[in-house]
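Here is how names work: the chains are called A, B, and so on, in the same order as the sequence lines, proteins then strands, and each is numbered from 1.
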Amino acid sequence: MSRLGTLWVCLVFGFMYLPIAMIALFSVNTSDVMAFPLTGVTGQWFAEILGDGRLGGGFLTTLAVAFPVALLTTLLGAAAALALSFYATRFRVLFAALLLLPFLVPRLILAVAQLILFKELGVSRSLLTVIAGQSVIILPFTTVIVASVLIRIDRRLIEAAADLGASGWSSFRRVVLPLMGNGLMAAWVIAFVLSSSEYVLTAFLSGRQQALSVLVASDFRFDLSPSLNALAVLIVLGNIALVVIAEAIRHRSGRLN
Amino acid sequence: MRPQSAGTWLALPVVAALGALCLAPLAILFAYSFFSVDFVTISHDPSLKNYARILQSETYRGLIARAFGSGLLVAAITAVIGYPVAWFLAKRAGAAKTMLLTLLLVPLYSGDLLRIFAWRVLLGAEGAINRSLIWLGAIDAPLQGLLFSPLATHIALTYNYLPFMVIGLWLAFESLDDAWLEAAADLGAPGRDRFRRVTLPLTAPGLIAGGLMVFVMVVGDYLTPQLLGGASGVTVISAINDLFGTAFDWPLGSAIAWTMLAILMLCFGAGAVLIRRSSLVAEGA
Amino acid sequence: MNRRDLLKTALAGTALGAFGPAFRADAATGILWMTWENLAKDDYLAPFLAANDIALTKTFIGTDDEQFAKLRAGGADSVDLITPGLDKVEYYTASDLLQPIDFARVPNAAKLYDTFKQTPLGKVDGQTYGIPFYWGINPIVYRADLMEAEPDWSVFFEGDAYNGKLAMRDYALEGIMIAAMYLGIPESEMFTMDDRQLAEVKKVLKIQKSKLRTYWNSIGDLTNLFATGEVVCAFSWVPPYYELRAKGIDMGMAKPKQGVIGWCDTIAVPKGVEGARLDAAFALVDYLLGPDYGKMLAVGGPYAQSTSAARDHLTEEQQDKIFIKDLSVMDSFVWKQNPPRYGDWVALWNEVKAS
Amino acid sequence: MAVAENTAAGRRTRPLLEAIALYKSYGSVQAVRGIDLALAHESYVTLLGPSGCGKTTLLRMVGGFEAIGSGTLMLDGARLDDLPANLRPINTVFQSYALFPHLTVLENVAFGLSYRSLPKDRIKARAREALATVRMEAMADRRPRQLSGGQQQRVALARAIANEPRLLLLDEPLSALDRRMRKDMQIELKDLQRRLGMTFLHVTHDQEEAFALSDRIVVMRDGRIEQQGAPGDIYARPATAYVADFIGGASCLPGRILGQVGKSYAIETALGRHVVPGVSGLSVGARAVLCLRSEKVALGETGTPAHVTHAVYRGADWLLECVAGGQIFQVTHVGPPPAPGETVRLSFDPDRVWIAREAA
């Protein structure tokens, strides 16, 4: 059973990395057409992408959006998860349904509707509108992640804290918060990644500054340059690095799960 | 501070954010769905005309049905593929668990568009798979149907949303106590029965949660069918996009969007009821 | 790095995000141009930016319609210049999003070709709101190495030699125009087809669908399809022809006798732009209609400007490439217009695709 | 603290904890239905009963983790009802220990002390003292998951007593320990309670544990108190058949009261008439049970004929199971046992059996 399971997991991971392997392959192929046969090895595309100032600017814009979005959605997601589990509000079911809503609405439609709303309110498009719009669709993800950590914290720890004299806030700060640390970290990373790869809402809600995802999509429209493959390889590697760092932190502080 | 009121206070900012940025825009769309459009002027006389049009149009009805069909199909496929993976991650992966979960998600960060083009390179007439099969002597001529077909669309959709199914199932397996399986074995249940009578019911919440996530995302995905599905790659979402963008018929677009939303909410409501029924975890103390 | 440091970094990032725009010292007039990426390459604009104290920001559009939806929903005044198609300008004017072009501030507009001077499109009550800016045709592009003869529109509707190897742009207006041309419906009736004509169009479009490998969505997408051999013949834009020939693929370009679709994009100034920003916007418009830009566009595009400003600076071969060697050819094009029943056209197109 | 000072004068005259007419229900399930209870100062009291009898709910209401349905709780004569858990001078040893996994042993123990306005070094010193009390000083810097079950138990205990609560609650604290460890801990707990002079309220389903520890046992059933008293009283003079059976597994023979003779009753059973002492207040004609404990029944030449069905060797003696008049009796027997199937005669000293009510 276990050997069969291992085989199956290997196959599935192989499937998941098949397109990534293609992207990596063509990021070092000399031809600028993404098609077989392969023509030779080059570092040209990586050089091109690293030397592209426009994409550099887009990258900074992406960071300027992704950092606040990740922070905001982690905080709100944590609040939502707490309201769903540890400090369950009376309107929990209604609240959960509301949280799922942004998840159900097709992105483009939500983007147009938000744009109409912003116009009615006299808010012009800027990074702030992008941050607001993205936060709403990423919120359900962070909530689920934090909640999945919270439901595994033993509720009796809170009782124990209260028993020993801790008030509600104090037991949150000294017991719940340290125990949900990993969940917050994971939520932050996921939110950061989702924000940086979001295209539809970003394209609709952004004003003067354009994030990397928008620039890449725009490049795609005219020219499928292999340097975009190189970019994707860098992004994937960057993400893996981010995750490895988070893991390392977790291990060093290592005490849970 | 009572825990309940603390919860309400915590929920408040979240509700405010969702209310302002999701509920309010959706309410606007809901209002639009009763309006009509004349060139670029939206007339504000409410009517049910748009909903009537959807009911009468074979195209829109067919597209909605097809979207839900695809959603169900991909949810089922990802469940079958993902189930053993989730089990392995939860019960056999040990210290590598977090790493493997992360590795499962990382490919999604490479971006939708690029991955779609990677699939083209894989599935194309001159693509990696056809070339390998010809080289192996399995086929003589390239299989045209691999790319620009519902097959291609569903392969890529399965790929895109498999990780979400695995995450949902993994959470369910994490809370599945091995002792229950041992107990079932002890009581004489053969392997297949143990699965059917213990594992499956106990992981059902994860299956339903993962299934709903996948279902919704498949229904909402228009890029994958458009770029990999060939001439039949039209989806209800791309039709709504057309109505919003190209035809400037926001009212009809809003009406279709709300029809879909209503059906989705019904599905989710039903799913939530199912999860509650199948959940063995008692609420409260 | 511990958790606290990470938090600090995150907070710093937030602050950067919130105040980032304010950090930029902004002495020059900043204007924002919403345009197609291939019209605003840095080297095309370098002479203009060097000569003027203007900071230009570009945002790129995906489709004409997306541009309209975005501006219609969110207002246009945060943008200083937009790039609608000539046939789409009336959408913007009907939505009251544009201000008329002040020709006194655009001297190069005097050199507009007659076709563009005379066109009723882009104008309301004699005032021009979208000034024709550059133009071209959408021909058939094909792999000459893989096709026996030069195709015309009938290749998309008849015979089965190329079944499953054809591509059509996923765009209702052009798709239906082509079907109408194939059916022999004259240009004068084309945009006002009645129900019977539309039913016939729908019938042939369904046949067409069965022959297609796929509908294409962006020109980069189509270029890739040609290069990989997935598609041998498509209703196309011009760029893949030159791009793939440069890579050594034997490409052909056909301009069917039944008619060729001509298109023209305009540049327009949204309502509400004023003062220094308006001055800068008109300065850019004038530059875009002038010889420096026209020459670079003709070589780099290759696309034709709507004025004759650069024509004399081009070789005959270059002129031929962008169809301005013989200007009379312009009259043979079927210029895109906005059909009054556009909603029905889009519905028809979706019905065909969903059939 | 306020609670203690207000009532310092009347400290010895009132019980430490009083529960008056406590009720609690979850939906349609009534977990606690009408409890009146008084806990004396410096006593060790056990709530004894099978799972689901409401003993844990009662404990949680005292601890402040569960709102009171109706009724009153008083500590030192002051109402506890609306005081949240963190303000009650009561601490708990949880069944699962509930040690904070992210804190060290010392930090766990110091957790409660940090809510007193004490200087840091004083907190540390007192936490160490508490650890010393349970002989866990050496483990101060470990984390809970690095400890064995018994060690975690001690830490939980140290954490709870470090605060010097007026009342210590123990929720089945020994249930996760093995038999030998449980015995040791029982002795330690009792010893600790005496040394500290605190009142312990201990919940358990294990009667042996209750006997080993308690000054007073409260037997609960279905959300009510079935009987309370000193262990010896409860054992020797159970009020009901339920108590007799739950404590020490007496065989209960149903019968009818024929009349009262001094403090004894005449009772008619399937095995004849007997005159034996019993619980007070039984009326003539009432149904009652005759409780016979295994060690109070003897095999002899005379008495009721019975059938031996099983014989279990217990080291010091044998436990025989016999059937007489359709009733099963357990008999403790020293010496070579009769073989199963043999017929024996059972006898008992009427002064050493007891009549209890059939039900409360």
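Listed here is the closest heavy atom pair of D:P101 and A:L157: CD-CD1, 3.7 Å. Nearest approach of D:Y115 to A:L164, heavy atoms of both residues: CD1-O, 3.7 Å.
The number of heavy atoms from other shown groups lying within 6.0 Å of CZ (A:R156) does not exceed 12. Atom NZ of D:K124 is surrounded by 12 or fewer heavy atoms from other residues, nucleotides or ligands within 6.0 Å. For A:F59, the CZ atom is loosely surrounded, since the number of other residues' heavy atoms within 6.0 Å does not exceed 12.
Inter-residue side-chain proximity for A:P178 and D:L103 is flagged as unmet; no heavy-atom pair is nearer than 4.5 Å.
Within the 4.5 angstrom heavy-atom criterion, only side-chain atoms of D:F94, from C-beta onward, approach chain A. If you measure heavy-atom distances from D:L113 to chain A, you find no contacts under 4.5 Å at all. If you measure heavy-atom distances from D:L99 to chain A, the contacts under 4.5 Å come from the backbone alone. Contacts between D:T92 and chain A at a heavy-atom distance below 4.5 Å involve backbone atoms as well as side-chain atoms.
Interatomic distance, CD1 of A:I158 versus CZ of D:F100, reported as 8.0 Å (0.5 Å rounding). Interatomic distance, CZ of A:R174 versus NE2 of D:H102, reported as 8.0 Å (0.5 Å rounding).
A donor-acceptor pair is defined here as one N or O able to donate and one able to accept, closer than 3.5 Å; no such pair exists between the side chain of A:D163 and the backbone of D:A85.
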